[in-house]
There are 2 protein chains.
Amino acid sequence: MPSESRSGRPPTIHTVAARAGVSKSLVSLVLQNSPNVSAQRREAVLAAMAELGYRPDPVARSLVQRRTRTIGVVIDDLSNPWYVDLLHELRPVLHEHGLRPLLADGRTEPDAVNALSDLRVDGIALVGTPSPSAVAQVNELAGRLPVVVAGSREPRLATVDLVANDDDAGARAVTAHLVELGHRRIAHIVGEGEVGLIRRAGYEATMHGAGLAPETAQGDWTENTGIRVAMDLLRADDRPTAIFAANDLAAVGVLTAADELGLRVPEDLSVAGYDDDFFSRMRRIALTTVDPHITDVGREAGEVLVARLSGDTRSTATRLLRPTLVVRSSTGPAPGH
Amino acid sequence: MPSESRSGRPPTIHTVAARAGVSKSLVSLVLQNSPNVSAQRREAVLAAMAELGYRPDPVARSLVQRRTRTIGVVIDDLSNPWYVDLLHELRPVLHEHGLRPLLADGRTEPDAVNALSDLRVDGIALVGTPSPSAVAQVNELAGRLPVVVAGSREPRLATVDLVANDDDAGARAVTAHLVELGHRRIAHIVGEGEVGLIRRAGYEATMHGAGLAPETAQGDWTENTGIRVAMDLLRADDRPTAIFAANDLAAVGVLTAADELGLRVPEDLSVAGYDDDFFSRMRRIALTTVDPHITDVGREAGEVLVARLSGDTRSTATRLLRPTLVVRSSTGPAPGH
DNA sequence: CTGAAAGCGCTTACAG
DNA sequence: CTGAAAGCGCTTACAG
């Protein structure tokens, strides 16, 4: 093992300098690819580094450079796998720029934003609908740290960039799809937070535009609530012939409720969701839904953060990606059509 | 904003000391709850900290203490949501001990272990089947850093703790369940790596014990391969009446293949998986499977790491949690029983 | 092109 | 109980 000195500690620039017969400063310059180093000395230093297995200590570097090359990622709810696709594209963007995600669960860690800020992260990404405490803490940061919100529509602060999909357009598209299939009684299970409100508004606008009466029931983002709410809706005398749930997890709950009540999908009931979660693609589920291009949201959120870190001082903005309607076999013509 | 000094930089122990009229060392002692500080001075320091909004810089602390309170978490494949439940319990354990997970994707980042080690993480958790390069890098670490493997059965190195479920027992339980249902032709779709081999061995042992001939087909952990392999198996003249797939994702592929071929589940074909992934609980899927208690695996992995960091020097060990058979509606009596 | 010095914000012995 | 000093491993002006 050439990588350890006699002291048992990993080599430092000091060790390298001694080995190469130069000063510590010179080693540092080589480390930073400074052009002001003669080829001969550069070679000597590089050779010494290789022999010793030298790896620069990022902690020391962080201390003097005042940046940790670390991004705090606060995920609203680590147990909801919705964030998986988003993280999948966010991480490589950070990685390309020498940044790493430091994870926190916003749900179980109300102080996450402050904690990450104390840790001197270089920036923060809020993934999913942030908790009120997270919003308050971001507000207090007052732009001292770049913050990007990914996949949510709040908070809309002057100091925060936001990347999401156009929830209004998505909700309109899926509602219009159901209207075109001849459905008149189309219920909507409402989601939480700003995203829930926007999807609901898109649904209502489309219903009104078609001369139909909206019918909403409050839900959340979970499958269980989807089951419960759908049960109530479907047991009514004049039950809807279509249900648009605010997300796929809730829509799967609707499927379950329909199975439970002996209703065939889509013959007796059309079901649509939102998010295009990976399980929605399973043929057993085959859910009509809206693809919010969440991996693109993740990538763009990473790019925004990277740009801010490299000095982009343009005013913060909201970027809305255009979502796509994905028609699968959970929706079909209204009964009698 | 009382938290910033005129210089625009956050307050340091120096600022606090000046404000409280004491030396820097004293501030440091207060920070560490040293008993050797008079109540009066302690109060003065605490008050100064509060007024200034002082937050100790963990970077400086890391440099001198030689630990970053950060754990590198290498997830074999960030796009396979299998790890979600594991992370869900691993993170809180770390958090309770002032540690945070620094994420890496083992699949897209072959150098992840070295990179995290260079970053001076205090320990490493390998989640899922590690890549060969990750194994090699862990081997090179030679115990310089505590490493725990969670949810996999490899590598079995003298320097590595391992927490997983008893894949052999789980595979035996699910196979026995199918045998008891009267199935004679039970095929197994084999998974990858050591875990795949162990589950296969459990299946084969149980088949032999029941006087039945094992029938295996090589798969991987994906749904698509599950579909393809199941198609081949089910199109054969003497098709199996039951298929045990090495994980739930592949089992869902089997369900899809069965639907495609017009086979009813479980009347014509019983299907079982392994992992009890969250989608398996959806009533549309309702997969008979093995619950490996992955959240417990995550928690124990975290506890092992924490123990190592607090000086536990007992020889490394493998902990195998007892898995549980979960019978749902995808399995039933063999045709004719 | 190169080296000696100062400093990043802490902690840790070491004296008193 | 308290303070002055050294040092963690780097980078950053600053002289030559």
Side-chain angles (χ1 to χ4, degrees), chain A residues 3-5 7-46 48-49 52-69 98 117-120 122, chain B residues 3-5 7-46 48-49 52-70 98 117-122:
Chain A
S3 64
E4 307 264 332
S5 71
S7 69
R9 283 198 192 160
T12 69
I13 48 169
H14 187 252
T15 332
V16 174
R19 179 91 163 213
V22 301
S23 75
K24 285 178 285 180
S25 317
L26 222 243
V27 175
S28 184
L29 289 179
V30 171
L31 235 32
Q32 295 151 208
N33 273 308
S34 163
N36 300 333
V37 179
S38 64
Q40 195 179 9
R41 301 224 167 190
R42 178 186 306 278
E43 286 312 316
V45 170
L46 257 21
M49 286 180 177
L52 295 166
Y54 170 76
R55 314 291 307 178
D57 185 335
V59 177
R61 185 174 277 173
S62 289
L63 182 61
V64 56
Q65 290 188 152
R66 305 203 148 55
R67 55 177 176 178
T68 56
R69 301 187 170 279
S117 160
D118 287 348
L119 285 170
R120 312 303 200 252
D122 293 343
Chain B
S3 63
E4 307 265 333
S5 70
S7 69
R9 282 198 192 161
T12 70
I13 49 168
H14 187 253
T15 333
V16 173
R19 179 90 161 214
V22 302
S23 77
K24 285 179 283 180
S25 317
L26 223 243
V27 175
S28 185
L29 289 179
V30 171
L31 235 33
Q32 294 151 209
N33 273 309
S34 163
N36 301 334
V37 180
S38 63
Q40 196 180 10
R41 300 225 169 191
R42 178 186 305 278
E43 285 313 314
V45 169
L46 257 22
M49 285 179 177
L52 294 166
Y54 170 76
R55 314 290 309 175
D57 185 336
V59 177
R61 186 174 277 172
S62 290
L63 181 61
V64 56
Q65 291 187 152
R66 301 201 154 54
R67 55 177 177 181
T68 55
R69 302 185 170 281
T70 266
S117 159
D118 287 349
L119 285 171
R120 311 301 200 255
V121 295
D122 293 343

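Everything numeric in this text was worked out from a predicted model, so none of it was measured. In the text below, chain A, chain B and the rest are named by the order of the sequence lines, each starting its count at 1.
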Derivation and outcome, side chain to side chain contact (heavy atoms under 4.5 Å, CB included), residues B:K24 and B:T12: CA-CA 9 Å; B:K24 285 179 283 180; B:T12 70; over 6 Å; no
Derivation of the salt bridge (Lys or Arg N to Asp or Glu O under 4.0 Å) call for A:D118 and B:R55: CA-CA 7 Å; A:D118 287 348; B:R55 314 290 309 175; 2.7 Å; yes
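Phosphate contact (OP1/OP2 of D:dG9, side-chain N/O of A:T12, threshold under 4.0 Å): absent. When the side-chain nitrogen and oxygen atoms of B:R41 are compared with OP1 and OP2 of D:dG3, one or more of them lie within a distance under 4.0 Å. For D:dT2, the OP1/OP2 oxygens have a side-chain nitrogen or oxygen of B:S38 closer than 4.0 Å.
Atoms CZ (B:R61) and P (C:dC8) sit 18 Å apart, rounded to a whole Å. Here the P atom of nucleotide C:dT11 and the CG atom of A:L63 are 12 Å apart, to the nearest Å. One interatomic measurement links the two molecules: NZ of B:K24 to P of C:dG9, which rounds to 11 Å at whole-angstrom precision. Spacing between atom CZ of B:R120 and atom P of D:dC8 amounts to 14 Å, rounded to whole angstrom units. At whole-Å resolution of the value, CZ in B:R66 and P in D:dG7 are 13 Å apart. Between the CD atom of B:Q65 and the C1' atom of D:dC8 there is a distance of 11 Å, rounded to whole Å.
The nearest pair of heavy atoms linking B:R120 to A:P58 is CG-CD, 4.1 Å. Residue B:T68 comes nearest to B:L119 through the heavy atom pair CG2-O, 4.1 Å, listed as atom of the first residue, atom of the second, then distance.
In this structure, the nucleotide among D:dC10, C:dG9, D:dG9 sitting nearest to the side chain of B:V64 is C:dG9. Distance from the side chain of A:I13 is smallest to D:dT11 among C:dT11, C:dG3, D:dT11.
Near DNA chain D, meaning a heavy atom under 4.0 Å from it, residues 26-34 of chain A has A:S28, A:L31, A:Q32 in order of number.
Counting any heavy atom pair closer than 4.0 Å across all strands shown, B:P58 reaches no nucleic acid atom.
The strand DNA chain C forms stems, runs of 3 or more Watson-Crick or G-U wobble pairs with distances below 3.5 Å, at C:1-3 with D:14-16, C:5-12 with D:5-12, C:14-16 with D:1-3.
Position along DNA chain D of the nearest nucleotide to B:A60 versus B:P35 favours B:P35 as the more 5'-ward residue.
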